[in-house]
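Presented below is the structure to which this report refers.
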Amino acid sequence: MVGSDSHTCAAGSMGMLAIGVGAWKWLWRSPASRCGSGWPEVWGVRLTGELPPWVSAKDVILEMLRRHGVADGVNRIIEYYGPGLAGLSAMDRHVIANMGAELGATTTVSRAGPRFSRRHDRVAKNGFPHAKGRDR
């Protein structure tokens with residue numbers, strides 16, 4: 001998904017490749033060239049263990065910034081994976097995906113959590129609960 005908002009990349013927390021291009025770039029470039037050319041490099045970040053007490057998802061990004069600075073993510077997709085991902089809540093994943101922009105990353109992506117996946121499967125099969133009885 002390509003969006004014109006800097007928070008578009010937060011959808012990466014649901015396993016979506018979502019890139020925010022910025023409103024001005026979106027408006028002033030032709031539709032055919034809005035996404036640029038070439039494919040960004042993919043950085044894999046393997047998460048292991050669990051976050052210790054008093055450590056949050058924001059600290060994951062702060063550690064990445066300490067190690068790589070604000071420009072090392074430019075033209076890169078950062079993919080978080082590994083067994084440590086299972087211990088992160090949906091909001092933790094959202095924070096990490098949204099703050100990937102602080103590294104200059106094109107976007108950040110991680111696998112969606114099991115609760116999201118179950119809900120997605122249920123909605124795909126039955127439709128949205130609030131849409132029952134309405135024309136679709």
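As a basis for the values below, the full set of heavy atoms in this structure was taken, side chains included, without hydrogen atoms, waters or symmetry mates.
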Residues in side-chain contact (heavy atoms from CB on, under 4.5 Å) contact with [X], at least two apart in sequence or another chain:
| X | answer |
| --- | --- |
| A101 | none |
| V45 | L47, M64, I78, Y80 |
| S13 | R93, H94, A97 |

Quick one: which residue pairs count as a ring pair (Phe, Tyr, Trp, His ring centres under 6.0 Å) with a foot in residues 46-73, not counting sequence neighbours?
W43-H68
Walk me through whether D92 and V60 qualify under side-chain contact (heavy atoms from CB on, under 4.5 Å).
CA-CA 10 Å; D92 290 337; V60 173; over 6 Å; no
Using a 4.5 Å cut-off on heavy atoms from C-beta on, say whether the side chain of I61 contacts that of I96.
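Result yes, sub-4.5 Å side-chain heavy-atom pair found.
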Just to verify, what does N98 make a side-chain hydrogen bond (donor to acceptor under 3.5 Å, both in side chains) with, not counting sequence neighbours?
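With sequence neighbours excluded, N98 shows a side-chain hydrogen bond (donor to acceptor under 3.5 Å, both in side chains) to no residue whatsoever.
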Membership question, hydrophobic clusters at under 4.5 Å side-chain separation (ILVMFWY): are L85 and V42 in the same one?
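Per the 4.5 Å side-chain linkage, V42 and L85 are not co-clustered.
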Can you get from I77 to Y81 by hopping between Ile, Leu, Val, Met, Phe, Trp and Tyr side chains that sit under 4.5 Å apart?
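No, no single cluster joins them.
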Tell me the salt bridge (charged side-chain N to carboxylate O under 4.0 Å, His left out) pairs involving residues 50-66, sequence neighbours left out?
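For residues 50-66, and leaving out neighbouring residues, the salt bridge (charged side-chain N to carboxylate O under 4.0 Å, His left out) pairs sorted by first residue read E63-R66, E63-R67.
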Check: residues 103-114 side-chain donor-acceptor pairs under 3.5 Å, at least two apart:
{"from": "T106", "atom 1": "OG1", "to": "R76", "atom 2": "N", "distance (Å)": "3.4"}
{"from": "T107", "atom 1": "OG1", "to": "A18", "atom 2": "O", "distance (Å)": "2.4"}

